[in-house]
Amino acid sequence: VAQRRRQLRAGIEHAQLARCTRSITRAGLADTFVQIELAVDETGAVEFLNVIDTDLPSITARCVRDVLAGVRFGAGAAATWRERIDL
């Protein structure tokens, strides 16, 4: 899980996340988060990625989820875990 977690953190496109949250940042909302649950198989394919908790509006949460779904993982051990990402 630690290896997969590092790959997730390294693969996040922060500029795209900033575009997702631009409108709520302009509105003065800060300290937002999204908690996801995901599974990655041995080949690096994402089996599922679900937003399980967030304080974001639904449209923004979908945008953030799409950015996170774009992270590419290398081959390695299969893992399933939950991750909180502070935005």
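Computation of the quantities below employed the complete heavy-atom set of this structure, encompassing side-chain atoms and omitting hydrogens, waters and symmetry-equivalent molecules. Computed from a predicted structure; not experimentally measured. By convention here, the first residue in the shown sequence is residue 1.
Exactly one of Ile52, Val51, Leu49 qualifies for a side chain to side chain contact (heavy atoms under 4.5 Å, CB included) with Glu37. That residue is Ile52. Under the side chain to side chain contact (heavy atoms under 4.5 Å, CB included) test applied with Gln16, the options Leu68, Asp66, Val64, Val67 reduce to a single match, Val67.
Counting only residues at least two apart or on different chains, the disulfide bond (SG atoms under 2.5 Å apart) pairs with a member in residues 8-87 are Cys20-Cys63.
Annotation: the span from Leu56 atom CG to Thr32 atom OG1 amounts to 5.0 Å, rounded to 0.5 Å. Between the OG1 atom of Thr80 and the CZ atom of Arg4 there is a distance of 10.5 Å, given to the nearest 0.5 Å. The CD atom of Glu13 lies 8.5 Å from the CZ atom of Arg19; values are rounded to the nearest 0.5 Å. Gln35 CD to Glu83 CD: the interatomic distance, rounded to the nearest 0.5 Å, is 9.0 Å. The structure places CZ of Arg84 at 12.5 Å from CD1 of Ile36, a figure rounded to the nearest 0.5 Å. Here Leu17 contributes atom CG and Arg22 contributes atom CZ; the two are 12.5 Å apart, rounded to the nearest 0.5 Å.
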Test side chain to side chain contact (heavy atoms under 4.5 Å, CB included) on Thr60 and Arg62 and set out the steps.
CA-CA 5 Å; Thr60 306; Arg62 275 192 298 265; over 6 Å; no
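Between Phe73 and Thr43, the closest side-chain pair of non-hydrogen atoms is not below 4.5 Å. By the 4.5 Å heavy-atom criterion applied to side chains, Val34 and Asp55 are not counted as neighbours. A 4.5 Å side-chain heavy-atom check between Leu38 and Glu47 finds every atom pair outside the cut-off. Side-chain contact between Val40 and Phe48: absent, with no pair of heavy atoms (C-beta onward) separated by less than 4.5 Å.
Atom CG of Asp31 has 12 or fewer heavy atoms from other residues, nucleotides or ligands within 6.0 Å.
A donor atom on one side chain and an acceptor atom on the other are not found under 3.5 Å apart for Arg6 and Gln3.
Judged by distance alone, with hydrogens and angles left aside, the side-chain atoms of Thr54 form a donor-acceptor pair with the main-chain N or O of Phe33 at under 3.5 Å.
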